[in-house]
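Input: a single structure, listed below in structure tokens.
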Amino acid sequence: MFVLASLIVGNILPCFVFFAHDLSHGSVITKSWQRHFLEVLIWGINFIPLTMWIHIHHRTHHLNAATFKDPDRRWLASEKTLIKSIYTWIFYPQKNKLLIRFINPFAYIHFVFYILRNFIAVFISPKSKLYIVPYQVPYTFKEKFSIIIETSIIILIQTIIFVAVQCNWLKYLFVGILPILMASMIEVIYVATNHFLNPVKAQNNSVQGTTSVIVPPFFNLIHNNFSYHTEHHLFPAMHPSYYPLVSDLLKKHFPQDYNQLTITEAWRRLWNSQAFD
């Protein structure tokens, strides 16, 4: 029963993440206390403090996608260190003679550690050896305080879930932890194929710097057209239902610059790529 619950919740959580993603861009609900409440709740269920997400995604990533100031890019060869090499070897899809492609389990749960490394980066110095974020705008004191409050809310949410399963650690594992790992598998395949296939450049070019992927229509339905990621970077506040129309226009007017691959081909190319840009 709890295995089935894990599978169900593990597939629901990414749907929540993609909805919260659109929610935070204002394409679903305009600014209001209801929107803020939903964002805190949905990101919190997924172990993500809202303020940290806005800081990384809105304030930094969208302004600098596929550039040196993008926190979601791969590291450059010039930035290579021992700890970054180990982290990359464990979590990044890459060509590696020591590992059989596609079966490295840690590459599929990288989104969990992506959140963890960004959370650590909130509170430590960029000079620390543990600072393994490719780039980040410094957090303000107000942001740090908000992240602490939101982390407390995350702990409260998980405590409620733990109490709901009679404080049984095995049951909590199936409904609280395993679903997060399963959700990471879906989220990281999207994020990695959207952003790791194109070279890092000095200038932000959303068409050349991101990749849209082709998935079965059912997944576009439940994942809010997240596969149309180039379209999202061009028009982040646009409702996702219009992204297919934007895709058609990009194919017509910018066929040489527009990157769109099937999800399987994009994932295959990632496993044939180099770890460092």
Side-chain angles (χ1 to χ4, degrees), residues 10 13-14 17 46-49 52-53 55-57 60-61 64-139 144 147 151 154 173 176-202 209-211 213 263 266-277:
L13 288 180
V17 164
N46 285 277
F47 288 79
I48 305 171
M52 186 184 82
W53 172 260
H55 183 97
I56 298 168
H57 192 72
T60 317
H61 169 64
N64 306 287
T67 71
F68 303 126
K69 294 183 178 181
D70 184 2
D72 293 342
R73 64 169 171 83
R74 291 181 297 172
W75 285 295
L76 306 176
S78 60
E79 299 171 321
K80 191 174 183 179
T81 63
L82 178 60
I83 190 169
K84 290 174 183 176
S85 297
I86 293 172
Y87 184 95
T88 301
W89 186 79
I90 294 173
F91 293 113
Y92 280 45
Q94 61 181 282
K95 184 187 294 183
N96 193 311
K97 294 180 180 179
L98 300 179
L99 293 174
I100 300 175
R101 289 183 303 165
F102 306 116
I103 67 168
N104 174 14
F106 295 104
Y108 293 91
I109 59 171
H110 181 209
F111 196 76
V112 173
F113 289 88
Y114 163 83
I115 296 301
L116 179 60
R117 79 179 188 186
N118 276 285
F119 181 81
I120 294 172
V122 174
F123 302 102
I124 65 174
S125 167
K127 297 181 181 180
S128 170
K129 291 183 178 180
L130 293 177
Y131 197 87
I132 52 174
V133 178
Y135 180 85
Q136 193 55 273
V137 174
Y139 287 84
K144 291 181 180 180
I147 290 169
T151 302
I154 292 172
L173 173 67
I177 303 301
L178 290 181
I180 290 292
L181 299 180
M182 283 186 252
S184 175
M185 293 176 63
I186 297 172
E187 293 153 1
V188 79
I189 288 175
Y190 274 118
V191 172
T193 53
N194 291 156
H195 294 296
F196 288 173
L197 286 171
N198 305 302
V200 177
K201 296 183 178 181
T210 55
T211 300
V213 291
I263 189 71
W267 193 236
R268 185 192 68 80
R269 289 190 187 186
L270 269 182
W271 286 93
N272 281 311
S273 65
Q274 299 298 319
F276 289 83
D277 194 283

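In plain terms, the two heavy atoms of A107 and V188 that are nearest each other are O-CG1, 3.6 Å. Nearest heavy-atom pair, R117 versus P71, reported as atom, atom and distance to 0.1 Å: NH2-O, 3.9 Å. Of all heavy-atom pairs spanning R269 and L197, the tightest one is CB-CD2, 3.8 Å. Taking each heavy atom of P93 and S273 in turn, the nearest pair found is O-OG, 3.9 Å. In terms of heavy-atom proximity, I56 sits nearest to Q136 at CG1-NE2, 3.4 Å. Scanning all heavy atoms of the two residues, the minimum distance from W267 to A192 falls at CZ3-CB, 4.0 Å.
Every pair tested for side-chain hydrogen bond (donor to acceptor under 3.5 Å, both in side chains) that includes a residue from residues 119-128 fails, sequence neighbours excluded, so the list is empty.
For the atom pair CZ (R73) and OH (Y135), the distance works out to 10.0 Å, reported to the nearest 0.5 Å. Atoms CG and CD, on L270 and Q94 in that order, are 10.5 Å from each other to the nearest 0.5 Å. Taken to the nearest 0.5 Å, the CD1 atom of I132 stands 9.5 Å off from the CG atom of N118. We find the CG-CD1 distance between N194 and I263 to be 7.5 Å, quoted to the nearest 0.5 Å. Distance OH/Y139 to CD1/I147: 5.0 Å, rounded to 0.5 Å.
For H195 (side chain) and A65 (main-chain N/O), no donor-acceptor pair under 3.5 Å exists by modelled atom type. Judged purely by atom type and a 3.5 angstrom limit, R74 has no side-chain atom pairing as donor or acceptor with the backbone of T88. Looking only at distances, a side-chain donor or acceptor of T193 sits under 3.5 Å from a matching main-chain atom of Y190.
Here F68 pairs with L76, V200, A202 under the side chain to side chain contact (heavy atoms under 4.5 Å, CB included) rule; sequence neighbours left out. By the side chain to side chain donor-acceptor pair (under 3.5 Å) test, H110 is found to be paired with Y87, residues two or more places apart in sequence or in another chain being considered. For I86, the side chain to side chain contact (heavy atoms under 4.5 Å, CB included) test picks out L82, I90, with sequence neighbours left out. Qualifying side chain to side chain donor-acceptor pair (under 3.5 Å) partners for D72, counting only residues two or more places apart in sequence or in other chains: H61, Y114.
Inter-residue side-chain proximity for K144 and F123 is flagged as met; some heavy-atom pair is nearer than 4.5 Å. Side-chain atoms of I154 and P49, non-hydrogen and from C-beta on, do get closer than 4.5 Å to each other.
Partner of F113 under the ring pair (Phe, Tyr, Trp, His ring centres under 6.0 Å) criterion, chosen from F91, F47, Y92: F91.
Within 6.0 Å of atom CZ in F106, 12 or fewer heavy atoms from other residues, nucleotides or ligands are found, so the atom counts as exposed in its surroundings. Heavy atoms of other residues, nucleotides or ligands lying less than 6.0 angstrom from NZ of K84 number more than 12.
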Which pairs of donor and acceptor atoms, one on a side chain in residues 178-185, lie under 3.5 Å apart (sequence neighbours left out)?
{"unit_1": "S184", "atom_1": "OG", "unit_2": "Y108", "atom_2": "O", "d": "3.3"}
{"unit_1": "S184", "atom_1": "OG", "unit_2": "I109", "atom_2": "O", "d": "3.4"}
{"unit_1": "S184", "atom_1": "OG", "unit_2": "F111", "atom_2": "N", "d": "3.2"}

Exercise for review: Check step by step if side chain to side chain contact (heavy atoms under 4.5 Å, CB included) holds for V122 and H55.
Suggested key: CA-CA 10 Å; V122 174; H55 183 97; over 6 Å; no
